[in-house]
Every structure is written in structure tokens, then in C-alpha cells.
Asker: 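There's a structure below that I have some questions on.
Each chain gets a letter, A, B and so on, in the order its sequence line appears, and its residues count up from 1.
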Protein chains: 2
Amino acid sequence: MKTDNITLKDIAKALNLSYSTVSRALKGSYKISEATQLLVKEYAEAHHYRPNLMAQSLKNQKSRCIGVVLCSIPNNFFAEVISGIESIAYSKDYLLIITQNLESYEREVKNLQNLTWRSVDGLLISLSTETEDVSHFQKLHDQGLPMVFFDRVTNAIPAHQVITDNIGGAYQATRHLIERGYKRIATITSSPFLSITRERLEGYNKALTEAGRHLHGEYIQYCPHGGMIIGEIESALHNLLQLPEPPDALLTASDRITIGSYSLIQRKGLLIPDEIAVAGFSNFNAPELFNPPLTTVRQNAFEMGKLATELLIDQVESKRPVSVFEKKVLPTELIVRSST
Amino acid sequence: MKTDNITLKDIAKALNLSYSTVSRALKGSYKISEATQLLVKEYAEAHHYRPNLMAQSLKNQKSRCIGVVLCSIPNNFFAEVISGIESIAYSKDYLLIITQNLESYEREVKNLQNLTWRSVDGLLISLSTETEDVSHFQKLHDQGLPMVFFDRVTNAIPAHQVITDNIGGAYQATRHLIERGYKRIATITSSPFLSITRERLEGYNKALTEAGRHLHGEYIQYCPHGGMIIGEIESALHNLLQLPEPPDALLTASDRITIGSYSLIQRKGLLIPDEIAVAGFSNFNAPELFNPPLTTVRQNAFEMGKLATELLIDQVESKRPVSVFEKKVLPTELIVRSST
DNA sequence: TTGAAAGCGGTACCAG
DNA sequence: CTGGTACCGCTTTCAA
């Protein structure tokens, strides 16, 4: 398109200045006289001058773009995270480049290549369920590309992390189930590679151990694709209900798994919570409208997106390389409803 | 960051060629000997050469970026649209720049400035509820920036449109309510500025008229912010229930309004569908889990995103200016559940 | 068929 | 304080 935007040269010509002067005046460099500075700025303002970002990028090797790596945009949790990311990016004049990998390692790698090719200034990353090897990120990290991990993180790479208190959230939910008197509390969780899986299991186990419960490993079921494939959830549930002593309560460890399980349980005609209670991690908009209203562990996804983006932009704009990395942990909220 | 990417010059130096030759060889220009072409291509391949996009952009005035203008990312409908957009953009090597305006005209304008400043190659647009005047888009359109409108479109600007069969969807849902025997069918709809509002009302009215029903205007309630503000829905509902003859059925015209109304109705203790039936436009993931399961008009949001993006990229890459504009209309799906 | 060089729109270094 | 100029990496015209 022909934006017909005014350029530095145009200003220089109009004002009879060299364009290096104009450039400096515009960024308020102290070596320029007040008078010229004002002159230039006013002219620029009046003519709606905006620096050409492509030129700036080329020169500075900075694009003012942030790359986002995640599994699925329409997933409620991530959609809210993105919204948080956008809110900060907007206010700091960064633009987002969002990629989704649908839980495929291969696509994660390919998306990453695209993003770096685009020379993003930094990366916000939540790993795919298939991702065990993080060397593709490691390589970029070694080259000095700022990155912040959120939600599904890795400790293999020293970087800022923003996560939910997964241990606490799962612990709290499991305790709640114990207190309600449920005896055999099973859990359906995501891929064992994921940090969130490990942490949520830890919370779950902690609550059970504290209560002196010892449950067979069979009460823990994994979905290698995080419930992306509905059959995974189906067979997980099937395995649980097949047990000689089937569970009387279920903790589901992610949005997709929660909805999927709930739906399948209903379809099987099991009564919730009488035959099986359900509590789950979920950022679904309206769990109170469910039948029965669903007990959820809610994460502050919007805040997570905001925090991660703030950390990232700080790092991108920091003069000296960042070497101390923060790990922000956001609290979860257990909302008890009648499914438990 | 230091991507340490190999450049044209590097190749030229290594191969003892001028870099114009290398450039031409790489894009398979016919004026280059087979031999050199092969040589260059192989070397480039082997060394993972990728052209610097910032340089290319600067030179070609093309960024391979698509700007997306919409109201809210976490809104289910739009999240699905974005997913569709991403799927095409990914396959054609375009990147997305997504902005959300939270139904604010002012923010829509500011986002647009950002996008054009970024020199996106094209725009995918769904208007905010506040947008009555589209001159900010018109101006860009006049400058030749390709744009495709989806969902909330305007006829003031000649451009491709991808929409849902809103008339048909609302008509079908309203007919369904009539056939079920409901007498006073009210509707809560979005901002009167929006194309979707007008069309859905048209379908609603058509069904009523065909059935020989004449309803007072009071049975139509608007939410100027599309339900972004919950109070809007509250007062709309309040107005309806206050009527001397309150409605016995309700058609809600958007995702947010549907969920909001459902929730409020429940909170008021009204029985659905006995005291009031509800059917609504919604791309919510699991309306079958609701209590009672919700009758919905579902749109093919993913497909909408895909189609719009295909149209846009075709236009962006077309050699000659496009002058014939398509209007793609996607079918809706009425899924009857027990709320009606 | 290939090479040299201008230029896209900035930034920043070096002189003056 | 200001001007001149090289350069970021690539495309493209003009000459050879």
C-alpha cells in the first residue's frame, strides 16, 4: 500500500536541516538546541510523522514484536492469557505474533523458526504437551533472545517464569474432596512431560498422604495430548471406572480434560456428585451454569499474561543482560459448587 | 539478539559471486545460469539461509503481516475465528498481529493506527459495537490497503465480506420457538449499529410476521456494548420481565448476551424453559452441560476465519487491484436442547 | 549471464 | 550544536 507517510528526509528538506539533525531532534537528544528541537517536533507533529518501523527495525535489529508460543488459541485459559498479554503489549507499543501448535512438538518447532525469522524481540512460551526436549528454545536462549515461560514451563532453561500455584491448587481441591468424605479420589491429568502435570500431581499426592490415604497408581490417569484427542479422556475415564473399586471422586487437571470428563460422565448416565464427584482446573466462563454447577480451580490467566509480558518487555529493554530470573507464582481460587 | 544469520553477502563472498547474482539465483530468476543457480541454492540450503525479512519489508514495502481487528480475544466466537485465521496464515507464511478494542471505538481507531504504522499487508476486520463511522477504515481502503470484513461488517466500504447467515439463523431459532408454542418471544440483541444486530432482528421479525404475530417494540432490547457491560443485559432483562405481559421465550443474539442472560435468569430463580424458554447465538464449548442444556444457534467461526484470511491473502498477492468483491455467507446450525 | 550501484528510511559515528 | 556519511540486508535498474 502507499501510506504516503512523511519521512525524515521530507522534514529535513522542508526545514532546511540535515536529516541527522532531524533524527536527533525527534528523539530529544540533548545535543540539539531547544529551538531546532521544537521546530522539528512541531513540524513532525503537524504532519503526523511516524518513523518507519521497518527501517528502524532493520537498523536497530529490533522489531517491537513479541512472539507467543502456545498450544491453542480458543482454549479458554490461553485466550484469557493472550488477552492479558495484549493489554500490556498495547500499552507499551509492542505487537504480538501469536502461534499455536495444537500440542504438536513438530509444529512448535516450525512456529519457532517462523518467529525467529521474523526477528521477534522476545518470546512468551507455554510448552506443548509433546515437548520433552527444549533444545530449540535453548539455542535461541544461548543467542541471547529474551524469553519468559508461563504456565507450562521448563527448568532446563534459566529464564523468568510465571506460573500458577499448581501444587496449592491441586492440594486445596483434593483436600476439599477428602473433607467432603470421598474415599477414592482419582485424577485425570495431562502429559507427564508438563510442569503443570507434575505440580498438580504433587499437590494431589500431598493432600492424600497427609490424610493417610494410599492410592494405587491406577487412580492416576494421563492424557498425553492434554485431552486434545477426546479418545484419551474417554479411555482414561474408562480405566478408572473399570477398577475393582472405582473412584467416587475425580480431580481433572486441565480445562479440556475437565469439560471432556464432565461431558463423558454425564453421557454415561452417572450421577454427579452422588455416584462420582468432580472438581477440576478450569477457566471456563460459566461453570455455575453447568448441571450440576461445577467445582473449579480457577487460575488468574489474564494476570499471568500481563505479568509474563511485563517481565519480558523489561528484559528486552534492559541495557544489561538479565541474569537473575524471577519465578512468579499466582494463587489459584477454589470455587466450590455442587459437583462435589 | 544476535541471530547470526547468514546473509546474501556471506553467500556471495563464499561463492565468489556478486550479491545481486545471489539474490537473483535464489528467487529462480530466469536470467541466471542453471549452474550458478544450483550452486547458490545448495549453498543457501546447506547454511540455512533465510532472507532478512526486515530488509525485504523495507525494500518491498510488504511485511507479510496481517492485522486483525476485533473486540475481544477471549470471546469464544472470536477465539475460534482467530484459530481459523491462524491456520491459513501459518500455511501461507503470514504472521498475525491481533488487536482487541473491547468494543471501544476509540481503541479501535488507535489499534488501527498501530497496525498501519506496522505496515501490515492487509486487514481482517470485525467492527466494534460502538463503531458507526467507518471513515478510519475508508481512508486506508482508499489508499489501497486490502481488507476483508467478517461477522460485523459494513456495506459502506466495498470489500470482501464473510458473514454468517444471521437472518436465517435467527429466523430458524424464532420459528423453532413459535412451533414449540411460545407466544411472546422477546429478543435481547447487541448494538443497533452492527450488521449482525440488524440481520438477526430481520430473521426474528420475519419469523414472527410469517406466523402472524405482532409484537410491541418493547420485546426487543438492545445492549449498546454487546453485553460487555453486564448491567446492560441486566436492565434489558429487567425491562422485559417488567412488561405487563412478560415474554415466555427469549432469543439472545450473541455469545456474551446469551451467557449473561442465562445466568441472570437462573439467579432470579426463573424456571427454564417452563417460565421462560431461552435460545441463543452461542459458540460456547459445552452448552449441553448447562442446566438445562441450552438451545443454541452455532456459527462456524473457524471456517469464517479461514475464508476471510484466504480472501485477504489472495487480494494481497493479486497483481491487479481487486474490484469484484465477494460476500460469503456461512450457514448456521440450530441445535435444539431442553432450554426451549 | 553477471556485476556495480542506488535506494528503501532510519541511526550513529566522525568531523567541524 | 549541526552536517556528512556509512551502513542495516535486500531488490532492481543499468551497464558490461
Asker: Nearest to the side chain of B/Arg24, heavy atoms from C-beta on, is which of C/dA4, C/dT11, C/dC8?
Answerer: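 So the side chain of B/Arg24 is nearest to C/dA4.
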Asker: Looking only at side-chain N and O atoms, does A/Thr7 come under 4.0 Å of OP1 or OP2 in C/dC8?
Answerer: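 So the side-chain polar atoms of A/Thr7 never come under 4.0 Å of the phosphate oxygens OP1 or OP2 of C/dC8.
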Asker: As a test of reading the structure: which of C/dG9, C/dT2, D/dG9 is closest to the side chain of A/Lys59, going by heavy atoms?
Answerer: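 For A/Lys59, the side-chain atoms sit closest to C/dG9.
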Asker: Provide, to the nearest angstrom, the distance between the OH atom belonging to B/Tyr49 and the C1' atom belonging to D/dT11.
Answerer: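 Taking atom C1' of D/dT11 as the reference, OH of B/Tyr49 is at 11 Å.
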Asker: Mind calculating the distance between CD (B/Gln61) and C1' (D/dT11) to the nearest angstrom?
Answerer: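 In whole Å, D/dT11 C1' lies 12 Å from B/Gln61 CD.
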Asker: Who are the side-chain hydrogen bond (donor to acceptor under 3.5 Å, both in side chains) partners of B/Ser57, not counting sequence neighbours?
Answerer: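 By the side-chain hydrogen bond (donor to acceptor under 3.5 Å, both in side chains) rule, B/Ser57 matches no residue at all.
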Asker: The side chain of A/Ile32 lies closest to which of these nucleotides: C/dC8, D/dT2, D/dG9?
Answerer: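 Side chain of A/Ile32 sits closest to D/dT2.
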Asker: Does anything in residues 43-52 of chain B pair up under side-chain hydrogen bond (donor to acceptor under 3.5 Å, both in side chains), and if so which pairs, sequence neighbours excluded?
Answerer: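 Counting only pairs at least two positions apart or across chains, no side-chain hydrogen bond (donor to acceptor under 3.5 Å, both in side chains) contact touches residues 43-52 of chain B.
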Asker: Would you mind telling me which of D/dC10, C/dT2, C/dG10 lies closest to the side-chain atoms of A/Gln56?
Answerer: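 For the A/Gln56 side chain, the nearest candidate turns out to be C/dG10.
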Asker: Please work out whether the ring planes of A/Phe325 and A/His160 are parallel, tilted or perpendicular, with thresholds of 30° and 60°.
Answerer: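 A/Phe325 and A/His160: perpendicular rings.
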Asker: What is the distance, rounded to the nearest whole Å, between atom CH2 of A/Trp117 and atom C1' of D/dG9?
Answerer: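 Interatomic distance, CH2 of A/Trp117 to C1' of D/dG9: 14 Å.
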Asker: Separation of A/Met54 atom CE from C/dG7 atom C1', in whole Å?
Answerer: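 Going from A/Met54 (CE) to C/dG7 (C1'), I get 14 Å.
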Asker: Listed by chain and number, what are the ring pair (Phe, Tyr, Trp, His ring centres under 6.0 Å) partners of B/Tyr105, not counting sequence neighbours?
Answerer: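 For B/Tyr105, the residues satisfying ring pair (Phe, Tyr, Trp, His ring centres under 6.0 Å) (neighbours in sequence not counted) are B/His136.
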Asker: Quick one: side-chain hydrogen bond (donor to acceptor under 3.5 Å, both in side chains) pairs with a partner in residues 78-100 of chain B, sequence neighbours left out?
Answerer: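 Matches after skipping sequence neighbours: A/Ser83-B/Gln100, A/Glu86-B/Gln100, A/Gln100-B/Ser83, A/Gln100-B/Glu86, A/Arg107-B/Glu86, B/Glu80-B/Asn283, B/Glu80-B/Arg298, B/Tyr94-B/Glu317.
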Asker: Rounded to the nearest 0.5 Å, how far does NE2 of A/His225 lie from SG of A/Cys71?
Answerer: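 Answer rounded to 0.5 Å: 12.5 Å.
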Asker: Rounded to the nearest Å, what distance is computed from the NZ atom of residue B/Lys9 to the C1' atom of nucleotide D/dT11?
Answerer: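 One finds 13 Å between C1' of D/dT11 and NZ of B/Lys9, rounded.
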Asker: Grab the CD1-P distance between A/Ile6 and C/dG9 for me, whole Å please.
Answerer: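 For the pair A/Ile6 CD1 and C/dG9 P, the rounded distance is 12 Å.
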Asker: State which of D/dC1, C/dG9, C/dC8 makes the closest approach to the side chain of A/Asn52.
Answerer: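 The nucleotide sitting nearest to the side chain is C/dG9.
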Asker: Once side-chain hydrogen bond (donor to acceptor under 3.5 Å, both in side chains) is applied, do any residues pair with A/Asp314, and if so which ones, sequence neighbours excluded?
Answerer: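 Testing A/Asp314 for side-chain hydrogen bond (donor to acceptor under 3.5 Å, both in side chains), a comparison that skips the adjacent residues, returns none.
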Asker: With sequence neighbours excluded, give me every side-chain hydrogen bond (donor to acceptor under 3.5 Å, both in side chains) pair touching residues 10-23 of chain B.
Answerer: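 Applying side-chain hydrogen bond (donor to acceptor under 3.5 Å, both in side chains) to every pair that reaches into residues 10-23 of chain B, excluding sequence neighbours, yields B/Thr7-B/Asp10, B/Ser18-B/Ser20, B/Ser18-B/Thr21.
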Asker: Show your working on side-chain hydrogen bond (donor to acceptor under 3.5 Å, both in side chains) between A/Gln161 and A/Asn155 and close with a plain yes or no.
Answerer: CA-CA 9 Å; A/Gln161 297 183 358; A/Asn155 290 321; 3.0 Å; yes
Asker: I need the CG-P distance between B/Leu8 and C/dA5, as an integer number of Å.
Answerer: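 Atom CG in B/Leu8 sits about 17 Å away from atom P in C/dA5.
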Asker: Check every strand shown and say whether B/Ser23 touches a base, only sugar-phosphate, or nothing at a heavy-atom separation below 4.0 Å.
Answerer: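 Contact class for B/Ser23: base.
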Asker: Near DNA chain D, under 4.0 Å by heavy atom, which residues of residues 10-22 of chain B?
Answerer: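 By residue number: B/Tyr19, B/Ser20.
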Asker: Five pairs per end, C1' atoms only: what is the angle between the end axes of the helix from C/dT1-D/dA16 to C/dG16-D/dC1, to 10 degrees?
Answerer: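 Computed angle between terminal axes is 50°.
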Asker: What is the distance, rounded to the nearest whole Å, between atom CG of A/Leu26 and atom C1' of C/dT11?
Answerer: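 My rounded result for the distance is 12 Å.
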Asker: For A/Lys328, which residues count as a salt bridge (Lys or Arg N to Asp or Glu O under 4.0 Å) partner, sequence neighbours excluded?
Answerer: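 Result, salt bridge (Lys or Arg N to Asp or Glu O under 4.0 Å) vs A/Lys328: A/Glu326.
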Asker: Describe the nucleic acid contact of B/Ser57 in one word from base, sugar-phosphate, nothing, applying a heavy-atom distance below 4.0 Å.
Answerer: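 Counting heavy atoms under 4.0 Å across all strands, no contact is made by B/Ser57.
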Asker: Looking only at side-chain atoms of B/Asn60, point me to the closest of C/dT2, D/dT11, C/dG9.
Answerer: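 Within the option list, the nearest is D/dT11.
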